[in-house]
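Values in this document were obtained by computation on a predicted structure and should not be read as measured data.
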Amino acid sequence: DLSLEIQGEGRVREEVVETAAKAEYDHGTTVQLTAEAADGWDFVGWEGDLEGSENPQTITIDQPKQVTAIFEPNEASIVTSVGAGEGEIRIEPEKEIYLIGDEVTVTAVPAENFRFDSWEGDFEGEEASFTVELEGEMTFTVNFTNVLLPLWAMGYNHNGQLGDGTRVSKQTPVQGGSSFFEVANVA
């Protein structure tokens, strides 16, 4: 007697390899068991009266036997990071577990005053959004560029003179402190 159980998604194909020369068919029979995983699943091993992960395996039915074939989903993982600038990466659909072969859309979302620049890792392109089929662990790094031009300001001394000694007739405070001014008119 052989009792088979399945844990996960897949099936076990049984094939009689050798029959003992006895009147009772099931006693002494050697059976080859082949685990066949369903799509998106991997066979990982046997439990019970068979152990290990060799596939196929044979078992001799010399007494009642119990065998469990273990299947696990073949999972994919996604690692994201921002390399330069500020923003985030969105993955759709959002799932707790992704499987190899799942399609996802990866989108770069820049923070205020930044724009998408480029991707690095398992996708190198210039599109802010793309769709990819997952193939195990995949890494996506996005780079953003600041869209604000740098603000150049010149300091002044206590006599109201610029660093080169010229005087300003109108001074406008620049964001960030009162010791830096934009020059409106030079006298």
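- Connection of Ile70 to Ile59 is not established within any shared hydrophobic cluster, with ILVMFWY side chains joined at heavy-atom distances below 4.5 Å, either directly or through further cluster members.
- Thr145 is linked by a side-chain hydrogen bond (donor to acceptor under 3.5 Å, both in side chains) to nothing, counting only residues two or more places apart in sequence or in another chain.
- Closest of all the heavy-atom pairs between Lys65 and Ile61 is CG-CD1, 4.1 Å.
- Residues Val142 and Ala108 come closest through the heavy atom pair CG2-CB, 3.5 Å.
- The heavy-atom pair separating Met138 from Val132 by the smallest distance is CE-CG2, 4.0 Å.
- Nearest heavy atoms, Ser53 versus Val44: CB-O, 3.4 Å.
- Sorted pairs that involve residues 78-98 and meet ring-ring contact (aromatic ring centres under 6.0 Å, His included), not counting sequence neighbours, are lacking altogether.
- Separating the CG atom in Leu33 from the CG atom in Leu50 is a distance of 6.0 Å, to the nearest 0.5 Å.
- Counting heavy atoms of neighbouring residues, nucleotides and ligands inside a 6.0 Å radius, atom CD of Glu51 does not exceed 12 of them.
- Between the CG atom of Asp102 and the CD1 atom of Ile91 there is a distance of 12.0 Å, given to the nearest 0.5 Å.
- Closest approach of Phe114 and Gly85 over heavy atoms only: CE2-CA, 3.7 Å.
- Within a 6.0 Å sphere centred on CZ of Arg115, heavy atoms belonging to other residues, nucleotides or ligands number more than 12.
- Put simply, CD on Glu36 and CG on Asn55 are 8.5 Å apart, with the number rounded to the nearest 0.5 Å.
- For residues 121-135, no residue pair satisfies the salt bridge (Lys or Arg N to Asp or Glu O under 4.0 Å) rule, not counting sequence neighbours.
- Among residues at least two apart or in separate chains, side chain to side chain donor-acceptor pair (under 3.5 Å) pairs with a member in residues 103-113 are Thr105-Thr131, Thr107-Ser129.
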Original post:
Given Leu134 and Ile78, is the side-chain contact (heavy atoms from CB on, under 4.5 Å) satisfied, shown in steps?
Top reply: CA-CA 8 Å; Leu134 298 178; Ile78 302 171; 4.0 Å; yes

Subject >> Test log, rule side-chain contact (heavy atoms from CB on, under 4.5 Å), inputs Glu88 and Val82 >> reply: CA-CA 7 Å; Glu88 65 180 358; Val82 175; 5.6 Å; no

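- Between the Asp117 side chain and the Asn143 main chain, no donor and acceptor come within less than 3.5 Å of each other.
- Residues Gln57 and Trp46 share a closest heavy-atom pair of NE2-CD1, 3.5 Å.
- Under the rule for a side chain to side chain contact (heavy atoms under 4.5 Å, CB included), Glu92 has no partner lying at least two apart in sequence or in another chain.
- Among pairs with a residue in residues 70-83, those fulfilling side chain to side chain donor-acceptor pair (under 3.5 Å) read Ser81-Thr141, at least two apart in sequence or across chains.
- Between Phe123 and Trp119, the ring planes are perpendicular. Angles over 60° get that label, and only those under 30° would be called parallel.
- Once rounded to the nearest 0.5 Å, the distance linking CG of Asp42 with CZ of Phe71 reads 10.0 Å.
- Criterion: ILVMFWY side-chain heavy atoms under 4.5 Å apart, direct or through other members. Under it, Trp41 and Ile100 are not part of a common hydrophobic cluster.
- Defined by atom type and a distance below 3.5 Å, a donor-acceptor pair is present between the side-chain atoms of Thr68 and Gln66.
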